[in-house]
Amino acid sequence: MEAFAKQMRAVGGFFATAIDTAVVAPRPPFAWRELIFQMWFVARVSIAPTIMLALPFTVLSVFIFNILLVEFGAADYSGAGAAFGAVTQIGPMVTVLVVAGAAATAMCADLGARTIREELDAMRVMGINPLQALVVPRVLATVVIALLLNSVVAVVGVVGGFFFSVFVQHVTPGAFVAGLTLLTGPEDVVVSLVKAGLFGLAAAMIGCYKGISVGGGPAGVGNAVNETVVYSFVALYVINLVITAVQYGGPQ
């Protein structure tokens, strides 16, 4: 019961911190310099792993999908599966895996180190709100970069699927391109961007909350980083399940 109560307090503290962050986000002064620095940091640590993950994810899904299509004699429709998988699922999921594993953990470690050195308390004494100065720029930067990375993954996924289908599984190039829009439309692109933005928001908020609420010295920082990865992945699947259910579960 005590462990359960501790977890419930942590969940309540997370949502309270998220609400406080949303309240102070539009208030001046805004930390533009910190925002730009964090955007560059998140992009720098995420772009290469994102591309490296996107290619095998897409190739594997296209390979399996094309095997099924060949059995039905419909290999020319492989472009539909490649676009649908890359845009609706692979793009957002690869984005949050990289953002949570690279950017959110780094934010957690940074804020955790500041917390145990009592830098956040010093900022409060000087009248500076740590949420406004440190958390808001990191969250907004992660959301913006997550949207951009999702677009990169979608493009890399479609291009990678094209080369794999055409040069390895001998699909007609024109048929592949013609099938791209059979299952994937503008509304799927919009939902994909919404997913990526929410994934980035959740991962950044989890990392920042674990960092500013850390305790137990350096060992506590390490535990907070590990918890950031686990909780971010859990949030990924919950958000993905809810949005996908809303998108495809309603009346058509």
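Side chains included, hydrogens not; waters and symmetry mates left out as well; all remaining heavy atoms used.
- If you run side-chain contact (heavy atoms from CB on, under 4.5 Å) between Thr17 and each of Ile19, Thr21, Asp20, only Thr21 comes through.
- With Arg138 as reference, Gln38 is the one residue of Gln38, Met205, Met39 to meet the side-chain contact (heavy atoms from CB on, under 4.5 Å) rule.
- Counting heavy atoms from C-beta on, the side chains of Phe14 and Ile206 come closer than 4.5 Å.
- Put simply, Leu131 and Val23 are part of two different groups of oily side chains (I, L, V, M, F, W, Y) that touch within less than 4.5 Å, one to the next.
- The distance from atom CZ of Arg124 to atom CD of Glu118, rounded to the nearest 0.5 Å, is 11.0 Å.
- Annotation: side chain of Phe199 is not in contact with side chain of Asn150 (no heavy-atom distance under 4.5 Å).
- No side-chain heavy atom of Thr105 sits less than 4.5 Å from a side-chain heavy atom of Ser232.
- Here the OG atom belonging to Ser46 is positioned 11.0 Å from the CG atom belonging to Leu148, to the nearest 0.5 angstrom.
- Hydrophobic clustering, with ILVMFWY side chains joined whenever heavy atoms are under 4.5 angstrom apart, groups Trp32 together with Val24.
- Distance OG1/Thr115 to CG/Leu120: 4.0 Å, rounded to 0.5 Å.
- When all heavy atoms are compared, the tightest approach of Pro137 to Leu35 is O-CD1, 3.4 Å.
- Here the closest heavy-atom approach between residue Ala83 and residue Val158 is recorded as CA-CG2, 4.2 Å.
- Taking hydrophobic clusters as Ile, Leu, Val, Met, Phe, Trp and Tyr residues chained together by side-chain heavy-atom distances below 4.5 Å, Phe41 shares a cluster with Val136.
- Within the 4.5 Å cutoff, side-chain heavy atoms of Phe233 are placed close to those of Leu97.
- Counting only distance, with no hydrogens or angles, the side chain of Thr50 and the backbone of Leu149 share no donor-acceptor pair below 3.5 Å.
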Take Thr228 and Tyr209, measure what side-chain contact (heavy atoms from CB on, under 4.5 Å) needs, and give me the verdict at the end.
CA-CA 9 Å; Thr228 295; Tyr209 170 72; over 6 Å; no
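- Of all heavy-atom pairs spanning Ala224 and Val214, the tightest one is CB-CG2, 4.1 Å.
- At least one side-chain heavy atom of Val152 sits less than 4.5 Å from a side-chain heavy atom of Val156.
- Shown here for Ala235 and Ala202, the closest heavy-atom pair between the two residues is CB-CB, 4.3 Å.
- Cluster annotation: Val144 and Leu134 are assigned to the same hydrophobic cluster (Ile/Leu/Val/Met/Phe/Trp/Tyr, side-chain heavy-atom contacts under 4.5 Å, transitive).
- Residues Val139 and Val135 form a side-chain contact, since some pair of their non-hydrogen atoms from C-beta on lies under 4.5 Å apart.
- Shortest non-hydrogen contact noted between Cys208 and Leu111 is CA-CD1, 3.7 Å.
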Please assess Val125 against Asp121 for the test side-chain contact (heavy atoms from CB on, under 4.5 Å), listing each intermediate value before the final yes or no.
CA-CA 6 Å; Val125 171; Asp121 293 333; 5.6 Å; no
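- Under a hydrophobic-cluster definition in which Ile, Leu, Val, Met, Phe, Trp and Tyr are linked whenever side-chain heavy atoms come within less than 4.5 Å, directly or via other members, Phe37 and Val42 are assigned to different clusters.
- Here the closest non-hydrogen pair linking Lys210 and Cys108 is CB-SG, 3.9 Å.
- Put simply, the side chain of Leu201 does not reach to within 4.5 Å of the side chain of Thr142, judged on heavy atoms.
- Side-chain contact check for Gln132 versus Pro29: some heavy-atom pair is nearer than 4.5 Å.
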